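Note that the structure is a prediction, hence the values are computed from the model and not measured.
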Amino acid sequence: MLVLLSPAKSFDLETPSQHDQFSLPVFSKESALLIKKMGTFSSKKLQELMGISYDLAMMNIDRYKNWKPNPELSHAKQAILAFNGEVYRGLNAKEMNENDLEFGQTHLRILSGLYGVLRPLDLIQAHRLEMGTKLKYYSYNNLYQFWGEKITNQLNEDLSESNYVINLASNEYFKSIKKTKLKAEVITPIFKDFSKGSYKTIMTYAKNARGVMANYIIKRKINDPETIKNFDGNGYLFDDETSDDLNWIYKRG
């Protein structure tokens, strides 16, 4: 069973990692090609391409210049500890022990516009390149075309015998997977809060809940998808009536 997450836009690379073990991303060569392309853009072009401010554009120009394909731990950080968005606050990897990280290394994958697929202990550096970016690279019109079937093929290699994927990634990132070629059944947990008379997905809460569920799976070393129907993190509870075989609804309130 594999759990999928999206990356975050923010990073914590200043806090030293408390873990010595690390791995390197599988698609470092592809990442280097993308970094080289991004390094050719002016700040104005980056602002237009990504819809970001001048300051963010300049920050990322500096990041591209300092990016290394095979960094040492002193200049990078394990992905599960480096990302710092709402999902990763829910994941709370800094509280995980060695056994947790070992399980995560086998069962958790982070989809990435720059790195394609990341394992939790893969070393990464600060960057910004969202999967939905319409980056043209030779004959490729965007990153979905650039990655093609690479992400799907890698996930197929990484799948365990249970052949299930728990999709906790956003639509933007999950679209990078060729679903018809994925050798697994995909289950997508959906988190809903009661608000103004009905249940709806409130994105900030949903992102945090995705991380909390990933933590729940890793901490309990879960391999059977049925077990996550018992998830009650952040007060969410599985709702059998509104769920179907592939979309599992968790409600709160």
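- A side-chain donor-acceptor contact under 3.5 Å links Ser31 to the backbone of Phe27.
- Under the 4.5 Å side-chain criterion, counting only non-hydrogen atoms from C-beta, Asn142 is not in contact with Thr133.
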Trace of the ring-ring contact (aromatic ring centres under 6.0 Å, His included) decision for Trp147 with Tyr140: CA-CA 9 Å; Trp147 286 112; Tyr140 307 117; 9.9 Å; no
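- In terms of heavy atoms, Arg109 sits closest to Gly104 at NH1-O, 4.0 Å.
- Without hydrogens or angle criteria, Asp62 side chain to Met58 main chain gives no donor-acceptor distance under 3.5 Å.
- Residues Gly85 and Ala8 share a closest heavy-atom pair of N-CB, 3.4 Å.
- Taking every heavy atom of both residues into account, Ala169 and Asn167 meet most closely at N-OD1, 3.1 Å.
- Every residue meeting the ring pair (Phe, Tyr, Trp, His ring centres under 6.0 Å) condition with Tyr216, not counting sequence neighbours, appears here in chain and number order: Phe231.
- Tyr173 is linked by a ring pair (Phe, Tyr, Trp, His ring centres under 6.0 Å) to nothing, counting only residues two or more places apart in sequence or in another chain.
- For Arg119 and Asp122, the salt-bridge test passes: some basic side-chain N is under 4.0 Å from an acidic carboxylate O.
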Worked verdict on Tyr64 versus His127 for ring-ring contact (aromatic ring centres under 6.0 Å, His included): CA-CA 7 Å; Tyr64 301 144; His127 63 278; 8.7 Å; no
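- Asn60 pairs by the side chain to side chain donor-acceptor pair (under 3.5 Å) definition with Arg63, not counting sequence neighbours.
- Annotation: side chain of Asn66 is not in contact with side chain of Gln125 (no heavy-atom distance under 4.5 Å).
- The shortest side-chain heavy-atom distance between Ile124 and Leu118 falls under the 4.5 Å cut-off.
- No side-chain N or O of Glu157 forms a donor-acceptor pair with one of Asn153 less than 3.5 Å apart.
- In plain terms, the two heavy atoms of Ile217 and Val3 that are nearest each other are CD1-CG2, 3.8 Å.
- Here Tyr144 pairs with nothing under the ring pair (Phe, Tyr, Trp, His ring centres under 6.0 Å) rule; sequence neighbours left out.
- With a 4.5 Å cut-off on side-chain heavy atoms, Leu129 and Met50 count as touching.
- In terms of heavy-atom proximity, Asn215 sits nearest to Met96 at ND2-CE, 3.8 Å.
- When each of Leu4, Ile151, Ile110 is checked for a side chain to side chain contact (heavy atoms under 4.5 Å, CB included) with Val117, only Ile151 meets the rule.
- Rounding to the nearest 0.5 Å places CG of Leu114 at 9.0 Å from CG of Leu143.
- Counting only residues at least two apart or in different chains, salt bridge (charged side-chain N to carboxylate O under 4.0 Å, His left out) contacts with residues 209-219 comprise Asp100-Lys219.
- With sequence neighbours left out, the side chain to side chain contact (heavy atoms under 4.5 Å, CB included) criterion links Lys183 to Asn156.
- Other residues, nucleotides and ligands place more than 12 heavy atoms under 6.0 Å from the CZ atom of Phe103.
- Between Lys29 atom NZ and Leu34 atom CG the span is 15.0 Å, to the nearest 0.5 Å.
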Quick one: side chains of residues 71-80, donor-acceptor pairs under 3.5 Å with protein atoms, not counting sequence neighbours, listed by atom name and distance.
| unit_1 | atom_1 | unit_2 | atom_2 | d |
| --- | --- | --- | --- | --- |
| Lys77 | NZ | Asp12 | O | 2.8 |
| Lys77 | NZ | Thr15 | O | 2.7 |
| Gln78 | OE1 | Ser17 | OG | 2.9 |
| Gln78 | NE2 | Ser17 | OG | 3.4 |
| Gln78 | NE2 | His19 | O | 2.9 |
| Gln78 | NE2 | Gln21 | O | 3.0 |

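- Between the Ser243 side chain and the Ile249 main chain, a donor and an acceptor come within less than 3.5 Å of each other.
- Between atom CG of residue Asn99 and atom CD1 of residue Ile218 there is a gap of 12.5 Å, rounded to the nearest 0.5 Å.
- Atom OH of Tyr164 sits in a sparse spot, with 12 or fewer heavy atoms from other residues, nucleotides or ligands closer than 6.0 Å.
- With hydrogens and angles ignored, the 3.5 Å screen pairs a side-chain donor or acceptor of Gln145 with a backbone N or O of Asn141.
- Evaluation of the side chain to side chain contact (heavy atoms under 4.5 Å, CB included) rule for Gln47 yields Ser43, Tyr54, Ala57 as partners, not counting sequence neighbours.
- A distance of 7.5 Å separates CD of Glu172 from OG of Ser6, quoted to the nearest 0.5 Å.
- Taking each heavy atom of Ile228 and Trp248 in turn, the nearest pair found is CG1-CZ3, 3.5 Å.
- Taking the six-membered ring for Trp and thresholds of 30 and 60 degrees, Tyr236 and Phe191 have ring planes more than 60 degrees apart, a perpendicular arrangement.
- For Lys94 and Asn92, the side-chain atoms include at least one donor-acceptor pair closer than 3.5 Å.
- Residue pairs meeting the salt bridge (charged side-chain N to carboxylate O under 4.0 Å, His left out) criterion with at least one member in residues 234-253, sequence neighbours excluded: Asp193-Arg252, Asp239-Lys251.
- Residues passing the salt bridge (Lys or Arg N to Asp or Glu O under 4.0 Å) test with Lys45, sequence neighbours excluded: none.
- In this structure, the side chains of Val165 and Leu155 stay at 4.5 Å or more apart for every pair of heavy atoms.
- For Lys229, the salt bridge (Lys or Arg N to Asp or Glu O under 4.0 Å) test picks out Glu226, with sequence neighbours left out.
- Counting non-hydrogen atoms of other residues, nucleotides and ligands closer than 6.0 Å to CG of Asp224 gives a total above 12.
- Of the possible donor and acceptor atoms, none in the side chain of Thr188 sits under 3.5 Å from a partner among the backbone N and O of Asn247.
- A distance of 11.0 Å separates NE2 in His107 from CD1 in Ile222, rounded to the nearest 0.5 Å.
- Without hydrogens or angle criteria, Glu185 side chain to Asn163 main chain gives no donor-acceptor distance under 3.5 Å.
- Annotation: side chain of Thr242 is not in contact with side chain of Tyr250 (no heavy-atom distance under 4.5 Å).
- Atom OG of Ser23 sits about 5.0 Å away from atom CG of Leu121, to the nearest 0.5 Å.
- Residues satisfying the salt bridge (Lys or Arg N to Asp or Glu O under 4.0 Å) test with Arg89, not counting sequence neighbours, are Glu86.
- Counting non-hydrogen atoms of other residues, nucleotides and ligands closer than 6.0 Å to NZ of Lys221 gives a total above 12.
- With Tyr199 contributing its side chain and Gly253 its backbone, the two residues share a donor-acceptor pair below 3.5 Å.
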